[in-house]
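Working notes for the structure below.
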Number of protein chains: 2
Amino acid sequence: MSKYRDDQIKQFAEIFKALSNPNRLRMFLHLVTCCVPGTVGSFDAEDGVSACVGDLGRDLDIVPSTVSHHIKELHRAGLIRMERRGQKIECWVDPVILRGLARFFDKPLTG
Amino acid sequence: MSKYRDDQIKQFAEIFKALSNPNRLRMFLHLVTCCVPGTVGSFDAEDGVSACVGDLGRDLDIVPSTVSHHIKELHRAGLIRMERRGQKIECWVDPVILRGLARFFDKPLTG
DNA sequence: TCGATATTTCGACATATATCGAAATATATA
DNA sequence: TATATATTTCGATATATGTCGAAATATCGA
């Protein structure tokens, strides 16, 4: 019936759950638009391909602990990667997951 | 920052919430794979482009009232369309929404 | 080492969600 | 009209979620 295995379906459900909160979705879009996906492996914070936790919470009207919680959810779902750089913790979108999502919705249309 | 308006972000969040439950995601995939999106307007249940509520609940180990609830959620999110045909109520994926989702994840990669 | 900045952890609480079972509604058919 | 099939509505319940504030942890710079 479906071309996805049961564990893959559960993983996609987790991903969609992570994107189901408007604030988390805004953070994700912030990262998607500020970063340059497709450049897998060539990650470099100085090139502006990542954002720190403080950046992501700006303009969102939620306290830092809530921002942190949301970022943890995005990370748990596998959507983003994180790395400490001094005081800040930089986040960026996992390009592989993003590609998987594009195919998830694209395939039924083109294939 | 983001190319999406606030109300669009909320709408996408609603869509992802609808897909965040494994059983609902299975129903959605059932419809996506059994139907032929892209054929907007040429809907015809006899051609197998839709499935009834009973079909969608099969192999899911949940009672009909729960299936009905999930389908209502998919419909509320705008993912599927419904129409009564005799005793049964046929469901099919809204091709426009599906296309919007494909672009949502595809654009940051190609644009 | 002390203070400032950045982030996380923890506990609390109000709200939302997934599921069930029983009862109601709609449609078809004998 | 009576019965069977398909689906929805309603109320209950257990669990999950979003958010906050306070306190803890990590890092940098004076």
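Every chain is numbered from 1, with letters handed out A, B, ... down the list of sequences. Bear in mind that the values here come from a model prediction, so they are computed numbers and not experimental data.
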* Asked: Which of residues 12-24 of chain A sit near DNA chain C, with a heavy atom under 4.0 Å from it?
  -> none

* Answer yes when B/Arg85 and B/Glu83 have at least one side-chain N-carboxylate O distance shorter than 4.0 Å, and no when they do not. => yes

* To do: Let me know the distance between CZ of A/Arg26 and C1' of D/dT19, rounded to the nearest Å.
  => 15 Å

* Mark yes or no for whether B/Arg81, through its side chain, and B/Asp94, through its backbone, hold a donor-acceptor pair below 3.5 Å. => no

Can you check nucleotides 1-8 of chain C for protein contacts, nitrogen or oxygen pairs under 3.5 Å, and list what you find?
| from | atom 1 | to | atom 2 | distance (Å) |
| --- | --- | --- | --- | --- |
| C/dT5 | O2 | A/Gln87 | NE2 | 2.7 |
| C/dT7 | OP1 | A/Val53 | N | 3.2 |
| C/dT7 | OP1 | A/Ile89 | N | 3.3 |
| C/dT7 | OP2 | A/Gly54 | N | 2.7 |
| C/dT8 | OP2 | A/Ser68 | OG | 2.6 |
| C/dT8 | O5' | A/Ser68 | OG | 3.3 |

* Watson-Crick/G-U partner (both atom distances under 3.5 Å) of D/dA30 -> C/dT1

* Length of the CD1-C1' vector between B/Ile62 and C/dC20, whole Å -> 11 Å

* Where does the angle between the aromatic ring planes of A/Phe12 and A/Phe104 fall among parallel (under 30°), tilted (30 to 60°) and perpendicular (over 60°)? -> tilted

* Identified side-chain contact (heavy atoms from CB on, under 4.5 Å) partner of B/Phe28 from the options B/Asn21, B/Leu98, B/Leu56 -> B/Leu98

* Asked: When you check the gap from the basic side-chain N to the acidic O, do B/Arg58 and B/Asp55 get nearer than 4.0 Å?
  -> yes

* Asked: What integer distance in Å separates B/Glu83:CD from D/dA6:P?
  -> 19 Å

* For the pair made of NE2 in A/His75 and P in C/dT9, what is the distance, rounded to whole Å? -> 12 Å

* Using a strict cut-off of less than 4.0 Å between a Lys/Arg side-chain nitrogen and an Asp/Glu carboxylate oxygen, indicate whether A/Asp106 and A/Arg103 qualify as a salt bridge. => no

